A.B. asks: 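Encoded as structure tokens, here's the structure I'll be asking about.
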Amino acid sequence: MQAKITALGTYVPERIIDNHYFENIVETNDEWIVSRTGIRTRHFAAEYEYTSHLCLGAAKNLVEENNVMLDDVDFVIVATVTPDQTMPSVSTQVQDKLGLRHAGAIDISAACAGFSYGLILAQGLIAAGTHRKVLVFGAETLTKFTNYEDRSSCILFGDGAGAMLIEAAPKGNILGAITGSSGDGGKELYMSNMRKQINGQDIITDNKIHQNGRAVFKWAVNTITAQMPILAERSGLSLADFDWFIPHSANLRIIEALCTQTGFPLEKTLESISIYGNTSSASIPLALHRGIREGKVKKGDKIMLIGFGGGLVYAGIGLEWAV
Ligand code: ACO
């Protein structure tokens with residue numbers, strides 16, 4: 001059996017925050033944020049709203065919009081770096097609240113590449129024949145881990161969740177995949193309450209997000225431009241064959257740079273950064289769902305999605321949209 005994506009759902013918290021909100025917190029302004037990042041708004045989770053709640057919102061939306069049942073889901077994967085707590089996992093909380101009585105459940109940590117990794121793992125479980133119906137989430141409450149004294153990072157993050165159902169089918173729709181990591185860059189983007197050093201460099205242990213934006217920006221552009229043609233080839237296609245490219249929405253300028261350097265048309269990219277900010281593992285499903293709701297993505301379209309972020313780590317898949 002092969003893996004087929006059969007449904008998508010998303011959820012963002014109600015509270016919308018515009019750029020002016022930050023003008024009272026740090027020295028910044030709307031013009032800088034829009035021109036340097038492309039972000040205009042983001043959503044903040046309420047005090048009582050955690051990553052598991054956002055997952056449940058995305059699952060509810062998936063069921064409502066796709067008219068599917070989740071009863072026989074046999075594995076739940078939640079990609080997140082902002083879990084409700086370290087233990088129990090978000091995935092077990094979601095499994096319980098959704099009443100998926102016999103499902104396996106794991107959380108995976110791959111930052112903004114987490115959703116792509118989740119899809120690749122789901123595909124592997126189905127191809128191995130051990131599972132038939134896997135629910136994959138990318139979900140974050142990054143604003144609970146944001147350092148509001150750092151103007152270069154606090155303006156970036158938003159909260160949200162995406163959910164995808166992957167089922168066993170005679171003909172799948174995942175065409176190819178790439179994965180990779182550069183652990184030596186771990187010190188450039190981290191969140192820690194334990195370690196004192198990463199790669200010999202002192203780190204701050206306040207459990208907030210710390211980022212060397214320029215270093216991550218450069219690594220992302222260099223790495224992902226090199227990986228795009230490789231993913232196309234593994235998908236049995238050329239780059240030009242793809243109808244849509246969905247890179248992780250970290251910064252609109254990164255998306256523009258990827259297109260300039262590879263010649264891929266910018267108008268064939270989908271993004272969630274402008275209205276949701278950087279939502280890490282949720283950014284790709286949010287961008288895809290936005291593209292579907294706006295009538296851009298159609299059944300049969302070839303889509304390349306690539307996540308990249310803290311680790312440093314990346315993963316991507318080529319797929320043919322079949323929902
Ligand atoms: N408002 C006004 N000025 C600011 C702000 C702000 N919010 N933030 C920084 N500045 C200033 C800096 O102090 C600096 O001033 P200086 O020249 O006087 O020293 C100037 O703007 C330029 O600063 P840079 O840090 O070089 O700004 P840059 O253009 O690189 O933008 C940003 C910063 C947005 C963080 C960018 O580097 C970026 O998006 N990097 C990539 C992030 C990424 O991909 N992360 C991975 C995924 S996230 C995850 O895994 C959770």
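Note that ligands are numbered from 1 as they come in the structure, with each ligand's atoms numbered from 1 the same way. No experiment lies behind these values; they were computed from the predicted model shown.
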A.B. asks: Between K268 and F264, is NZ or CZ placed under 6.0 angstrom from the six-membered ring centre and within 45° of the ring axis?
C.D. replies: yes

A.B. asks: Please check whether T37 reaches ligand 1 - meaning an N/O of the residue sits under 3.5 Å from an N/O of the ligand, judged on distance alone.
C.D. replies: no

A.B. asks: Identify, by atom number and element, the atoms of ligand 1 in contact range of R36, meaning under 4.0 Å from any of its heavy atoms.
C.D. replies: 29 (O)

A.B. asks: Heavy atom to atom 24 (P) of ligand 1, shortest distance: which of K218, E188, R214, M191 holds it?
C.D. replies: R214

A.B. asks: Using a distance threshold of 4.0 Å (strictly less than), state whether atom 14 (C) of ligand 1 has a protein heavy-atom neighbour.
C.D. replies: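 No; the ligand atom in question lacks any protein heavy-atom contact below 4.0 Å.
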
A.B. asks: Would you check, one step at a time, whether the test side-chain hydrogen bond (donor to acceptor under 3.5 Å, both in side chains) holds for T41 with D18?
C.D. replies: CA-CA 4 Å; T41 54; D18 67 13; over 6 Å; no

A.B. asks: Is the closest side-chain donor-acceptor distance between T279 and E140 under 3.5 Å?
C.D. replies: no

A.B. asks: Please report whether atom 3 (N) of ligand 1 has a protein non-hydrogen atom at a separation of less than 4.0 Å.
C.D. replies: yes

A.B. asks: Starting from atom 1 (N) of ligand 1, locate the nearest protein heavy atom and write down its residue, its atom name and how far away it is, to 0.1 Å.
C.D. replies: T28 OG1, 2.6 Å

A.B. asks: For the 3.5 Å polar cut-off, considering only N or O atoms, please tell me whether N278 and ligand 1 meet it.
C.D. replies: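 Between N278 and ligand 1 (N or O atoms, distance only) the closest approach is not under 3.5 Å.
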
A.B. asks: Using distance alone, with no hydrogens and no angle criterion, decide if S182 and D184 have a side-chain donor and acceptor under 3.5 Å apart.
C.D. replies: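 Side chains of S182 and D184: no pair found under 3.5 Å.
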
A.B. asks: Heavy-atom contact under 4.0 Å between V216 and ligand 1?
C.D. replies: yes

A.B. asks: Answer with side chain, backbone, both or neither: which part of I254 has a heavy atom less than 4.0 angstrom from an atom of ligand 1?
C.D. replies: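 Contact part for I254 vs ligand 1: side chain (C-beta onward).
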
A.B. asks: Given D72, which partner from the list H102, R132, K133, R101 fulfils the side chain to side chain donor-acceptor pair (under 3.5 Å) test?
C.D. replies: K133

A.B. asks: Using a strict cut-off of 4.0 Å, indicate which atoms of ligand 1 neighbour a heavy atom of H248.
C.D. replies: 47 (C)

A.B. asks: Provide the number and element of each atom of ligand 1 under 4.0 Å from a heavy atom of G310.
C.D. replies: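 What qualifies from ligand 1 is 50 (O).
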
A.B. asks: For L135, run the side-chain contact (heavy atoms from CB on, under 4.5 Å) check against L98, V78, I166 and tell me which one passes.
C.D. replies: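 Only one option passes, and that is L98.
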
A.B. asks: For the pair R293 and E65, find out whether any cationic side-chain nitrogen is under 4.0 Å from an anionic carboxylate oxygen.
C.D. replies: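 Between E65 and R293 there is a salt bridge, with a charged N closer than 4.0 Å to a carboxylate O.
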
A.B. asks: Less than 6.0 angstrom from the centroid, inside 45 degrees of the normal: does K144 satisfy that with respect to the ring of Y50?
C.D. replies: yes

A.B. asks: Using a 4.0 Å cut-off to any heavy atom of A250, which atoms of ligand 1 qualify?
C.D. replies: 43 (C), 44 (O)

A.B. asks: Closer than 4.0 Å to some heavy atom of G309 - which atoms of ligand 1 meet that?
C.D. replies: 50 (O)

A.B. asks: Any idea which atoms of ligand 1 are less than 4.0 Å away from a heavy-atom of A111?
C.D. replies: 50 (O)

A.B. asks: Could you tell me which atoms of ligand 1, counted from 1 in the order shown, lie closer than 4.0 angstrom to a heavy atom of L189?
C.D. replies: 46 (C), 48 (S), 49 (C), 50 (O)

A.B. asks: Tell me whether R253 reaches ligand 1 (any heavy atom closer than 4.0 angstrom to a ligand atom).
C.D. replies: yes

A.B. asks: Looking at Y276, F157, Y11, which one forms a ring pair (Phe, Tyr, Trp, His ring centres under 6.0 Å) with H43?
C.D. replies: Y276

A.B. asks: Under 3.5 Å, N or O to N or O, is S280 touching ligand 1 that way?
C.D. replies: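 No - when backbone and side-chain N and O of S280 are compared with those of ligand 1, no distance drops under 3.5 Å.
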
A.B. asks: Please walk me through it: do T269 and W244 pass side-chain hydrogen bond (donor to acceptor under 3.5 Å, both in side chains)?
C.D. replies: CA-CA 5 Å; T269 60; W244 302 105; over 6 Å; no

A.B. asks: If hydrogens are left out, which of S153, C112, G213 has an atom nearest to atom 41 (C) of ligand 1, that is, the closest non-hydrogen atom?
C.D. replies: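 Comparing heavy atoms across S153, C112, G213, the nearest one to atom 41 (C) of ligand 1 lies in G213.
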
A.B. asks: Is a side-chain donor-acceptor pair under 3.5 Å present for W32 with T28?
C.D. replies: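 No pair is found: no donor N or O on one side chain lies under 3.5 Å from an acceptor on the other.
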
A.B. asks: Between L119 and M164, is the side chain to side chain contact (heavy atoms under 4.5 Å, CB included) condition met? List the steps.
C.D. replies: CA-CA 8 Å; L119 295 180; M164 249 187 202; 3.7 Å; yes

A.B. asks: Between E271 and R290, does any NZ, NE, NH1 or NH2 come within less than 4.0 Å of an OD or OE carboxylate oxygen?
C.D. replies: yes

A.B. asks: For ligand 1, which is the ligand I care about here, please tell me if I155 has any N or O atom under 3.5 Å from one of the ligand's N or O atoms.
C.D. replies: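 I155 vs ligand 1: no N/O contact under 3.5 Å.
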
A.B. asks: Would you mind checking which non-hydrogen protein atom is closest to atom 42 (C) of ligand 1, with the distance to 0.1 Å?
C.D. replies: Q211 OE1, 3.4 Å

A.B. asks: Considering non-hydrogen atoms of the protein only, which is the closest contact for atom 12 (C) of ligand 1, and what is the distance?
C.D. replies: R151 NH2, 3.8 Å

A.B. asks: Quick check: N251 and ligand 1, any N/O pair under 3.5 Å apart?
C.D. replies: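 Yes, at least one N or O pair falls under 3.5 Å.
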
A.B. asks: Can you label the angle between the Y148 ring and the F22 ring as parallel, tilted or perpendicular, going by 30° and 60°?
C.D. replies: parallel

A.B. asks: Got the closest protein heavy atom to atom 35 (C) of ligand 1, with its distance?
C.D. replies: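 Result: S152 O, 3.6 Å.
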
A.B. asks: Could you tell me the residue and atom name of the protein heavy atom closest to atom 33 (C) of ligand 1, and the distance to it rounded to 0.1 Å?
C.D. replies: W32 CH2, 4.1 Å

A.B. asks: Can you sort out which atoms of ligand 1 are near E27, meaning under 4.0 Å from one of its heavy atoms?
C.D. replies: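 By the 4.0 Å cutoff, the relevant atoms are 1 (N), 2 (C).
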
